[in-house]
Protein chains: 4
Amino acid sequence: MKADVEHSDRPRPRTKRLPRSVRERQILDAAVDVFAAHGFHQASMDEISEVAGISKPMIYAYLGSKEELFVACIQREAARLLDAIRGAVDTGLRPDQQLWRGLRSFFEYTQQYRSSWAVLHRQANAQGEPFSIELAQWRSRTRDVIAMLLARATESAEQQMQPEQMQPFAAALVGAGESLVDWWLDNPDHTADGMAMRLMNMVWMGFGDLVEGRDWKPE
Amino acid sequence: MKADVEHSDRPRPRTKRLPRSVRERQILDAAVDVFAAHGFHQASMDEISEVAGISKPMIYAYLGSKEELFVACIQREAARLLDAIRGAVDTGLRPDQQLWRGLRSFFEYTQQYRSSWAVLHRQANAQGEPFSIELAQWRSRTRDVIAMLLARATESAEQQMQPEQMQPFAAALVGAGESLVDWWLDNPDHTADGMAMRLMNMVWMGFGDLVEGRDWKPE
Amino acid sequence: MKADVEHSDRPRPRTKRLPRSVRERQILDAAVDVFAAHGFHQASMDEISEVAGISKPMIYAYLGSKEELFVACIQREAARLLDAIRGAVDTGLRPDQQLWRGLRSFFEYTQQYRSSWAVLHRQANAQGEPFSIELAQWRSRTRDVIAMLLARATESAEQQMQPEQMQPFAAALVGAGESLVDWWLDNPDHTADGMAMRLMNMVWMGFGDLVEGRDWKPE
Amino acid sequence: MKADVEHSDRPRPRTKRLPRSVRERQILDAAVDVFAAHGFHQASMDEISEVAGISKPMIYAYLGSKEELFVACIQREAARLLDAIRGAVDTGLRPDQQLWRGLRSFFEYTQQYRSSWAVLHRQANAQGEPFSIELAQWRSRTRDVIAMLLARATESAEQQMQPEQMQPFAAALVGAGESLVDWWLDNPDHTADGMAMRLMNMVWMGFGDLVEGRDWKPE
DNA sequence: TATGAATGAGTATTCATTCAT
DNA sequence: GATGAATGAATACTCATTCAT
């Protein structure tokens with residue numbers, strides 16, 4: 001049996017004319033929950049319409065096809081997450097502090113908005129899907145933000161590095177973060193601060209060595 | 001249009017009686033390819049049977065339902081990957097060398113067996129409950145292997161650490177590895193060695209600092 | 001070749017929006033006919049939807065699965081038949097007259113609603129567990145009605161009998177009736193009155209009486 | 001879930017060459033059980049072959065298609081039941097005694113051979129089936145036997161009756177018997193003798209007689 | 001003789017999407 | 001604007017039956 005998304009049973013006020021923007025938000029909220037719970041293919045437009053309290057034809061009128069709806073979800077949630085991270089980074093601070101703030105707000109966000117994160121993370125990898133482009137774009141943007149933070153950290157070092165060179169490191173950092181969140185879900189006795197510090201310690205210290213010219217080589 | 005898995009159009013030798021074990025392998029091979037290409041829900045049993053050159057009833061008779069078939073794929077591919085990693089680690093070597101070998105063979109494997117990796121990483125993740133168990137088990141086992149490697153690395157240090165304490169680091173490392181592979185697919189002008197070295201540099205150096213008592217703290 | 005239920009080939013007025021209750025009746029009517037003609041397993045939802053002039057999804061939306069649809073048929077037809085019998089019994093009459101009216105209306109009903117009877121008697125019987133419950137309930141209710149009639153007939157007699165004691169007799173009477181209807185279908189040159197009288201004579205008077213020339217006649 | 005027919009788990013002696021007649025009996029025994037348990041359509045050849053301990057190709061070689069197998073089951077079981085009844089009737093006895101003996105052995109048989117009876121009774125009504133002819137023939141033969149017994153009972157009476165005239169009475173009697181057996185299954189605290197007497201009293205004496213205190217007793 | 005291996009053909013069921021009201 | 005009614009198209013799964021060994 002599906003673990004259904006909670007349906008509120010209070011009679012929804014049908015035929016209440018609401019402005020388009022409100023309707024769209026209702027729909028997106030419901031869609032994010034349902035997609036997060038069941039994944040794209042398992043999610044049914046019927047359930048989304050039920051959870052949203054809005055009939056299917058309205059969903060099609062406002063947000064288009066199921067695919068377009070999913071893309072809209074991804075875009076909104078990705079923007080939210082990126083905004084949260086960007087908002088936490090104060091460019092006046094020292095580079096490591098900037099990274100620290102970014103990571104901490106990332107963990108805080110994932111803790112607070114489970115569905116949002118589930119849609120981005122769980123569904124984001126599915127390939128062969130028509131919307132994989134959207135998903136790849138989100139990943140790429142996230143990497144760019146992190147890569148920029150990392151590049152800034154080398155500004156004062158001997159060997160300055162360009163953001164492009166930081167891309168694989170950023171990718172690894174994002175992946176490490178995602179994976180740590182998964183582990184966190186199973187081991188919730190940690191604070192967002194604690195998680196962010198773990199990641200900082202793991203990445204930053206090693207990164208610092210690199211910046212200073214100490215690197216590891218196989219025998 | 002679906003980017004269909006290549007169908008050989010030469011008339012497959014039907015009614016050739018082959019032993020069950022051979023057929024099962026053929027089916028799993030085909031299933032991994034198709035699931036990797038389209039994902040679980042988009043993959044149709046019809047296509048799998050066509051690619052395998054075996055009729056659907058045999059698939060059901062040997063491997064059970066679509067879900068069971070998918071799980072069988074996950075299990076086989078997960079075991080293969082783990083075996084590859086374990087086989088590469090020579091416990092006689094220095095800890096960093098062990099980790100290096102493990103990571104390198106991980107990247108080599110993902111490079112060589114694209115479908116296998118795609119099924120494990122991209123598709124299995126995206127699905128809901130029924131498969132998450134299988135996938136979680138694999139993740140957990142992989143983490144255990146890595147955590148053990150990391151713990152070994154502290155044996156000669158002042159502050160020895162238990163494998164359990166290494167779990168979040170292992171999680172981060174696995175996530176970083178997965179994410180790097182994704183990046184690699186889009187930027188294939190790198191060797192498996194190069195990718196593994198990047199990860200070593202990122203993780204090992206930082207880890208080394210930790211072991212020696214240097215850690216990062218927020219202001 | 002299947003002896004298909006007559007399909008009207010004039011293009012059915014698709015997309016005509018009708019209220020749910022009307023559609024449900026149409027579906028049940030068609031289903032009773034098709035189930036009566038082919039039996040539960042041989043009947044296909046495709047044919048039912050074709051005969052009903054309604055697409056399959058509507059059938060599933062309104063009446064549920066094939067099994068539920070069959071049960072719904074059984075229930076509706078059983079209720080109809082019982083109503084017909086109950087409606088014919090005038091409790092003001094003499095007991096034998098009441099029985100006579102009940103039996104006569106039973107035969108009339110089976111004659112008039114062939115499909116209805118076929119579903120109840122021929123098809124529901126042949127199936128396994130899931131339906132036997134429904135059918136058993138109907139049988140039981142029918143027996144109760146008959147047993148009550150029989151018990152009433154003893155009210156003025158020396159040895160009054162309770163309805164429960166009449167149960168096996170009622171069972172036998174119902175079975176005799178069902179079987180007579182079968183025979184009647186192969187020998188249709190008899191009226192419903194004639195059939196009911198045969199049964200009255202057999203049951204009420206007793207065969208021994210018949211042999212000796214004593215028979216029962218309606219007033 | 002199906003209430004499966006009990007499968008013996010002791011390893012059946014495969015490839016043991018047995019004479020055809022033995023194999024055929026094994027198959028028919030299994031088929032009767034499976035058909036009785038699930039009905040014709042729900043019964044699968046796979047299950048029959050499993051219960052019989054004989055591979056499917058042998059079943060097809062010996063008994064033909066599923067339909068032919070079913071017909072063979074009906075014919076064998078019908079013959080057995082008829083033989084049991086015929087064997088119990090001693091033509092030297094008084095007519096009522098003959099009927100009594102026949103009925104009693106009928107109830108004894110149904111009690112002893114549940115599967116046999118279930119196949120004949122439960123499946124016997126299915127119409128629209130290719131084998132309904134066989135089933136109708138069995139019913140007809142049973143009626144003939146009973147009708148003959150009834151006709152004999154009128155030999156000494158003023159108004160002798162022909163067996164054909166007795167057909168509807170025989171039909172009713174058979175139906176009453178079948179129905180009583182069903183009731184008996186739910187109320188097993190009665191002996192075969194008791195059931196047969198109930199039927200005699202009902203049919204032979206007539207309900208009217210019963211009410212007035214005249215009942216039938218075996219000698 | 002005996003069977004594991006193999007399949008064609010069929011069927012219940014679901015779901016995204018649209019239209020009449 | 002808002003929705004109940006409606007469906008085409010797709011797909012997982014089953015089963016009687018046959019054939020190579």
Side-chain angles (χ1 to χ4, degrees), chain A residues 13-20 23 41-49 53-62 64-69, chain B residues 12-20 22-23 41-49 53-62 64-69, chain C residues 12-20 22-23 41-49 53-62 64-69, chain D residues 13-20 23 41-49 53-62 64-69:
Chain A
R14 300 228 174 218
T15 69
K16 190 69 161 297
R17 275 104 207 281
L18 290 176
R20 176 162 183 152
R23 289 291 199 202
H41 287 289
Q42 286 300 65
S44 82
M45 294 300 270
D46 270 323
E47 188 178 359
I48 292 172
S49 99
I54 292 166
S55 72
K56 277 190 292 177
M58 294 305 296
I59 298 181
Y60 280 90
Y62 284 160
S65 73
K66 186 185 185 186
E67 229 165 67
E68 288 167 319
L69 175 58
Chain B
R12 44 169 157 146
R14 299 227 176 218
T15 70
K16 193 62 163 299
R17 257 67 176 178
L18 292 176
R20 177 169 181 149
V22 174
R23 289 298 198 199
H41 286 289
Q42 288 301 67
S44 83
M45 295 299 270
D46 270 324
E47 187 178 0
I48 292 172
S49 98
I54 292 164
S55 70
K56 272 189 298 176
M58 294 306 296
I59 299 181
Y60 282 92
Y62 287 162
S65 70
K66 186 183 184 185
E67 208 169 292
E68 288 168 321
L69 176 58
Chain C
R12 46 167 154 144
R14 299 225 175 217
T15 69
K16 193 62 165 298
R17 259 69 178 175
L18 292 177
R20 176 169 182 148
V22 174
R23 288 298 198 198
H41 286 288
Q42 289 302 69
S44 82
M45 295 299 271
D46 270 323
E47 186 177 0
I48 292 172
S49 97
I54 292 164
S55 71
K56 275 189 293 175
M58 294 306 296
I59 299 182
Y60 282 91
Y62 286 162
S65 71
K66 187 183 184 185
E67 209 169 291
E68 288 168 321
L69 176 58
Chain D
R14 300 226 171 216
T15 71
K16 191 69 162 297
R17 273 100 208 284
L18 291 175
R20 175 163 183 149
R23 287 291 199 204
H41 287 289
Q42 283 303 64
S44 83
M45 295 299 269
D46 271 322
E47 188 177 0
I48 293 172
S49 101
I54 292 164
S55 71
K56 276 189 293 177
M58 296 303 299
I59 298 180
Y60 281 90
Y62 283 160
S65 72
K66 186 184 184 185
E67 228 164 67
E68 289 167 319
L69 175 58

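We name chains A, B, ... by the order of the sequence lines, and we start the count at 1 in each one. Quantities reported herein were computed from a predicted structural model and do not represent experimental measurements.
Between D:Arg23 and E:dA2 there is a side-chain polar atom (N or O) within less than 4.0 angstrom of OP1 or OP2.
D:Ser55 approaches D:Ser49 most closely through the heavy-atom pair C-CB, 4.2 Å. The minimum heavy-atom distance between D:Ile54 and D:Ile59, with the atom names listed, is O-CD1, 4.3 Å.
Each of E:dA16, F:dA2, F:dT17 was ranked by its minimum atom distance to the side chain of A:Ser55; first place goes to F:dA2. Among the nucleotides E:dT3, E:dA2, F:dC13, the one closest to the side chain of D:Ile54 is E:dT3.
Counting to the nearest Å, the C1' atom of F:dT18 and the NZ atom of D:Lys66 are 17 Å from each other. If you measure from atom CD of B:Glu68 to atom P of F:dC13, you get 9 Å, rounded to the nearest angstrom. In this structure, the NE2 atom of A:His41 is 18 Å from the P atom of E:dT14, given to the nearest Å. A straight line from CD of D:Gln42 to P of E:dT11 spans 14 Å, rounded to a whole angstrom. In this entry the distance linking CD1 of A:Ile48 with P of E:dT17 reads 11 Å, nearest Å. What separates CZ of A:Arg20 from P of F:dA2 is a distance of 11 Å, to the nearest Å. With rounding to whole Å, C:Leu18 atom CG is found 10 Å from F:dT7 atom P. E:dT3 atom P lies 14 Å from atom CG of D:Asp46, rounded to whole Å.
For the atom pair CZ (D:Arg20) and CE (D:Met58), the distance works out to 8.0 Å, reported to the nearest 0.5 Å. Distance check: A:Tyr60 OH to A:Glu68 CD gives 10.0 Å after rounding to the nearest 0.5 Å.
Checked against salt bridge (Lys or Arg N to Asp or Glu O under 4.0 Å), C:Lys66 has no partners two or more places apart in sequence or in another chain.
If you find the closest nucleotide of DNA chain F to C:Pro57 and to C:Tyr62, the one lying nearer the 5' end belongs to C:Tyr62. Comparing C:Tyr60 and D:Met58 by the nucleotide of DNA chain E that holds the closest heavy atom to each, the one mapping nearer the 5' end is D:Met58.
Side-chain N/O atoms of A:Lys56 and base N/O atoms of E:dT18 include no donor-acceptor pair closer than 3.5 Å.
DNA chain F forms stems at E:2-21 with F:2-21, each a run of 3 or more consecutive Watson-Crick or G-U wobble pairs whose two key distances fall under 3.5 Å.
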